[in-house]
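The block underneath contains the structure these notes are about, expressed in structure tokens.
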Amino acid sequence: AKFLNVAKQAALEAGKIISKYSGKKHKYQYKNKDKSDFATQADVESERTIVEIITANFPNHNIIAEEKTRINNNSQYTWVIDPLDGTVSFVRGLPYVAVLIGLLKDNEAILGVIYQVSSKDLYWAESSRGAYLNGKLLHVSKNNSLSNSAIGMDLGHKNTRVQKFDHY
């Protein structure tokens with residue numbers, strides 16, 4: 001339960017940071033020469049906050065985070081963090097932004113937390129304990145027809161074309 005509580009706390013605190021920067025002008029930190037992959041101050045501060053919360057509670061755990069944090073303590077536990085998933089949407093003022101935190105034990109996923117910043121929805125799941133949205137147990141759809149389903153896909157930065165979004 002402590003792992004989950006810390007992950008939730010870290011996600012919510014990171015969400016506050018992202019909200020603080022929402023709608024403002026952003027400085028970009030480019031990760032490669034063609035400038036297709038970048039971070040903002042919100043990404044960096046969100047990551048710093050998550051890492052501080054996790055290391056304060058679990059100083060011997062490993063951490064791999066998207067922006068720059070790599071901590072290898074040779075622990076059986078590894079936290080995997082995307083401090084601001086949806087940076088392209090974020091800089092364009094679109095609400096498709098989340099904080100993602102996962103925990104591996106011996107390279108097996110045991111816990112995941114997603115905080116959808118604009119809607120303030122908190123999702124989490126633990127191995128053998130189910131998945132939840134804001135405390136309510138989620139269930140798999142009984143729909144078995146592809147024609148009545150919604151499907152989404154993301155190919156990642158290298159294969160994704162950034163499109164200009166206009167107001168509808």
Side-chain angles (χ1 to χ4, degrees), residues 1 3-19 21-23 26 28 30-32 34-40 42-43 46-47 50 54 62-67 69-70 76-168:
F3 293 149
L4 179 61
N5 289 337
V6 169
K8 286 180 183 178
Q9 176 195 358
L12 292 170
E13 289 301 317
K16 289 178 188 175
I17 290 166
I18 293 166
S19 292
Y21 283 100
S22 184
H26 305 284
Y28 301 96
Y30 295 101
K31 300 180 191 179
N32 57 38
D34 70 7
K35 299 184 177 181
S36 66
D37 194 7
F38 58 89
T40 66
D43 293 83
S46 174
E47 181 171 307
I50 294 167
I54 290 172
N62 307 322
I63 297 178
I64 300 170
E66 182 180 15
E67 301 315 327
T69 307
R70 302 288 184 275
Q76 67 183 29
Y77 292 100
T78 301
W79 294 87
V80 181
I81 301 161
D82 186 343
L84 196 167
D85 184 51
T87 302
V88 172
S89 294
F90 177 69
V91 299
R92 286 169 173 75
L94 299 172
Y96 312 113
V97 176
V99 177
L100 312 177
I101 301 173
L103 178 60
L104 308 175
K105 181 179 181 186
D106 297 322
N107 292 320
E108 299 248 345
I110 62 167
L111 166 128
V113 171
I114 299 171
Y115 182 56
Q116 191 75 34
V117 178
S118 63
S119 64
K120 298 185 176 166
D121 285 324
L122 185 65
Y123 296 83
W124 69 87
E126 289 184 279
S127 294
S128 304
R129 294 194 176 154
Y132 295 82
L133 168 56
N134 299 326
K136 183 178 178 185
L137 183 64
L138 298 173
H139 301 280
V140 175
S141 170
K142 292 181 170 56
N143 178 22
N144 61 5
S145 169
L146 189 58
S147 64
N148 292 328
S149 302
I151 299 173
M153 185 173 94
D154 182 358
L155 298 174
H157 289 290
K158 292 185 179 178
N159 296 318
T160 302
R161 301 272 188 260
V162 177
Q163 298 176 3
K164 180 178 183 259
F165 292 93
D166 295 318
H167 295 286
Y168 296 101

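All heavy atoms count here, side chains included; hydrogens, waters and symmetry mates do not. All of these numbers come straight from a predicted model, not from anything done at the bench.
To the nearest 0.5 Å, atom CD1 of residue Ile18 and atom CG of residue Asp43 are 7.5 Å apart. Separating the CD atom in Gln116 from the CG atom in Asn134 is a distance of 11.0 Å, to the nearest 0.5 Å. Interatomic distance, CG of Asn144 versus NZ of Lys142, reported as 11.5 Å (0.5 Å rounding).
Of all heavy-atom pairs between Asp82 and Asp85, the closest is OD2-OD1, 3.2 Å. What you find for Glu126 and Leu4 is that their closest heavy atoms are OE1-CD2, 3.5 Å. Contact record, Ser46 with Ile17: N-CG2, 4.0 Å, taken as the closest heavy-atom pair. Shortest non-hydrogen contact noted between Val99 and Pro83 is CG2-O, 3.7 Å. Considering every non-hydrogen atom in both Val113 and Ala11, the closest pair reads CG1-CB, 3.8 Å. Between Phe3 and Trp79, the closest heavy-atom pair is O-CH2, 3.6 Å.
Residues Glu13 and Ile50 fail the side-chain proximity criterion, which asks for heavy atoms closer than 4.5 Å. Contact check for Leu104 versus Val80: side-chain heavy atoms found under the 4.5 Å cut-off. Counting heavy atoms from C-beta on, the side chains of Val97 and Ser118 never come closer than 4.5 Å. Proximity of Ile81 to Ile54: side-chain heavy atoms (C-beta onward) are separated by under 4.5 Å at one or more points.
With salt bridges taken as basic N to acidic carboxylate O contacts below 4.0 Å, none links Lys105 and Glu108.
Counting heavy-atom neighbours within 6.0 Å of Leu137 CG, excluding the residue itself, gives a total above 12. Under a cut-off of 6.0 angstrom, the local environment of CG in Asn107 is sparse, with at most 12 non-hydrogen atoms contributed by other residues, nucleotides or ligands.
Taking the six-membered ring for Trp and the full ring otherwise, Tyr123 and Tyr115 have centroids separated by 6.0 Å or more.
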Assess whether side-chain contact (heavy atoms from CB on, under 4.5 Å) is satisfied between Leu122 and Lys8, documenting all intermediate values. CA-CA 8 Å; Leu122 185 65; Lys8 286 180 183 178; 3.9 Å; yes
Just do the side chain to side chain donor-acceptor pair (under 3.5 Å) check on Asn143 and Ser149 with the steps written out, would you? CA-CA 8 Å; Asn143 178 22; Ser149 302; 3.1 Å; yes
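Side-chain atoms of Thr69 do not come within 3.5 Å of backbone N or O of Ala65 as any donor-acceptor pair.
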